Structures are given as C-alpha cells and as structure tokens.
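Take a look at the structure set out below.
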Amino acid sequence: MKKVGTSKPTAAATETGPAGQLGTAAQGDGRTRHTVARLLLERGPITAAAVAEELGVSPTAVRRHLDVLVAEGEAYTRESSPRGRRGRGRPAKLYLLTESGRARFGHAYDDLAVAALRFIAEHEGEQAVREFAERRMAALVAHHRDALVAARNPAERAEVLADALTREGYAASARSVGSGEQLCQHHCPVAHVAADFPQLCEAETAAFAEVLGTHVQRLATIANGDAACTTHVPTARLTAPGQSPDAEQTSAGSVPKDRQNTAPIPAGGESV
C-alpha cells in the first residue's frame, strides 16, 4: 500500500509550496535580518565575516541579509581603516546602521516630547504649551503658504493642504462632500504626544481655518483613538488664506454652537 503524506518537504518545496510555507520562510528571514541589524547596532561598524561568525551562519547568507538592509536604506558600508588592515587585498567592507535602520529598534522621542511639554506646563503654564503648539504649526504651514494662496477654489485649496500635509508625514487626502470638503489625515506623527496635550490638535485646527480662510470642524482625531484625523471644511463664504474668518467663523477653528453637527458626514469621520 502506498503511503501518503509521510515524506519530509524538500527545500524546493518550502520555497515554492503553499502560502503557509512561504510565510514561515519569510518570517524566518525577517527574524534573521532583525538579528543581523541588531548586531550592527551593538557591534557596528562590523564586517560581514564577523557577523557570520557571531551568528554561526554562512557568510553568503549574512551578505544576502546585509544587501537587503543596504537596499532598503537601513544600513550602509564604508571601507576599513588601512591602519588595522592585514595583507595587500582589498579593504574589508564595514557595515553600519543608518538612522532609518536604528528606528526599527524604537526611539523614546514621544516620551521625551511629553516630558518636555509637561516641564513647560509646570514651569511656564498651559499658555506656554499653547504658544509652542501654535508656533510649531505656523512653521509647518509657512513652507506651503504660496501654493495655498495660489489655489483657485475651495476644493483645490483643500487638495493643496492635503498634499502639503502628506509631504510633512501626515498621509493626508481630501474629497468633496455635500456641504464642502472633507480632509483626512491617515497618520499623525505626534499622536501619542497629542493624546496628553490636546493643544497640538487645537493649534492644528486653528491653522487649517487660517490658511483655508474659513472655520473648520474637527470630526475625529487619531489622538482620541479614531482611525484618522478628519476635518470638515465648509466651502461657503471662503476668504483669502491668512485673512481672519468673520465673527461667526471663529479664529479658533471651531463651529459656533448653533451650527455644530450639521454637516452630513458619517459619525467618526470616515476615512477617504
């Protein structure tokens, strides 16, 4: 009787077999590459041969992982110093992590920012935190003000703002809705800090109102646990960027009480 399913998979089968096997191989590659990167972090600059010896794997396998790290901008090479070189051969390549490569091991930037703002609040007061947030947004917007001023209509202005925010790391998009434009930021580089200091979100909303020339209504924020930061931008009664909205269109970027929650936008601000 022929036995079925008792043979061990070959290396070729692992490479070309079902998705589960491919996933397992990819996970193994990912773990090994992470280990190689950690060794560069802890021991770099270091040669491929030294990495292979430390990990007990072949130099060929190590170089494959190092090549991927270099191609993805997580590592770079430099030649070893002539001082410690032996023989007349080509100098050995030394591998080091780039700033991007170091980022895979995490940073404490959020903790540092929260601690710094907390120190400012304790010693200078909440108003100092608000002024910091406003100055930060003013500097961000200043880089893109010319393009915003040149926009010919409200929809184009919202698109220009979305493009500007994307270039600043917010992965933003805009779309037209029944009563205006809906601006979505699918990423927030300061979300963890803003969760403790809502002044950052408030300053951002006010900056949007100022550069768009109208009041805006913040519907959702990543800092509050929503999927995206979503802002409704009404297109009626739009003024020039930089010109303060009128008394009904408050400079704080919020909608007056008698006009709140009137925009036909799905609850929570659906992502674009």
Side-chain angles (χ1 to χ4, degrees), residues 99-100 102-145 148 157-175 180-212 214-234 241 245 249-255 260-261 263 265-272:
E99 194 60 34
S100 175
R102 291 175 183 275
R104 71 158 58 212
F105 298 98
H107 290 301
Y109 295 154
D110 285 353
D111 293 341
L112 179 63
V114 169
L117 289 177
R118 191 167 290 137
F119 180 87
I120 292 173
E122 290 173 357
H123 290 79
E124 302 295 333
E126 295 293 329
Q127 182 58 29
V129 176
R130 189 173 304 280
E131 290 173 3
F132 165 80
E134 291 170 353
R135 181 172 296 186
R136 174 183 172 272
M137 280 308 302
L140 185 149
V141 167
H143 296 150
H144 311 283
R145 188 172 294 277
L148 286 161
R157 201 176 292 174
E159 287 285 353
V160 170
L161 180 56
D163 289 342
L165 289 169
T166 295
R167 287 195 292 273
E168 298 292 343
Y170 289 83
S173 59
R175 68 172 178 178
E181 300 293 316
Q182 182 169 297
L183 181 68
C184 284
Q185 296 154 255
H186 304 279
H187 175 66
C188 176
V190 297
H192 293 119
V193 182
D196 286 336
F197 291 94
Q199 295 95 325
L200 295 175
C201 295
E202 293 164 7
E204 183 179 273
T205 304
F208 290 174
E210 189 265 330
V211 298
L212 293 171
T214 183
H215 70 273
V216 298
Q217 182 181 10
R218 183 57 62 92
L219 303 176
T221 63
I222 295 172
N224 282 336
D226 297 299
C229 296
T230 310
T231 306
H232 178 62
V233 183
Q249 297 170 328
T250 62
S251 61
S254 59
V255 181
Q260 286 183 357
N261 301 323
I265 309 296
E270 182 179 338
S271 298
V272 177

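Just so it is clear, the structure is predicted and the values come from calculations on it, not from any experiment.
Heavy atoms only, all atoms of each residue included: A158 and A174 are closest at O-CB, 3.9 Å. Summarising the geometry of C201 relative to A223, their closest heavy-atom pair is SG-CB, 4.3 Å, with the distance given to 0.1 Å. Contact record, R118 with F197: N-CZ, 3.4 Å, taken as the closest heavy-atom pair. Residues G169 and H187 approach most closely at O-CD2, 2.9 Å, considering heavy atoms.
The CG atom of L117 lies 9.5 Å from the CG atom of D196; values are rounded to the nearest 0.5 Å. The distance from the CG atom of D226 to the SG atom of C184 is 10.5 Å, given to the nearest 0.5 Å. To the nearest 0.5 Å, the span separating OG1 on T205 from CD on E210 amounts to 13.5 Å. Considering NE2 of H144 and CD of E168, their distance stands at 3.5 Å, rounded to 0.5 Å. Between the OG1 atom of T214 and the NE2 atom of H232 there is a distance of 8.5 Å, given to the nearest 0.5 Å. Summarising the geometry, atom CD belonging to Q199 is positioned 5.5 Å from atom CZ belonging to R130; distances are rounded to the nearest 0.5 Å.
More than 12 heavy atoms of other residues, nucleotides or ligands sit less than 6.0 Å from atom CZ of R167. The number of heavy-atom neighbours closer than 6.0 Å to NE2 of H192, taken from other residues, nucleotides and ligands shown, is 12 or below.
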Check your understanding: Please walk me through it: do L161 and F208 pass side chain to side chain contact (heavy atoms under 4.5 Å, CB included)?
Key -> CA-CA 8 Å; L161 180 56; F208 290 174; 3.9 Å; yes
Exercise for review: Begin from the C-alpha positions of R218 and E204 and carry the test salt bridge (Lys or Arg N to Asp or Glu O under 4.0 Å) through to its verdict.
Suggested key: CA-CA 10 Å; R218 183 57 62 92; E204 183 179 273; 2.9 Å; yes
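You'll find the side chain of V193 reaches within 4.5 Å of the side chain of L200, heavy atoms only.
Salt bridge annotation for R157-E181: absent, with no cationic side-chain nitrogen under 4.0 angstrom from a carboxylate oxygen.
Between V216 and the options L183, V211, T231, a side chain to side chain contact (heavy atoms under 4.5 Å, CB included) holds for only T231.
A128 is linked by a side-chain contact (heavy atoms from CB on, under 4.5 Å) to I120, E124, counting only residues two or more places apart in sequence or in another chain.
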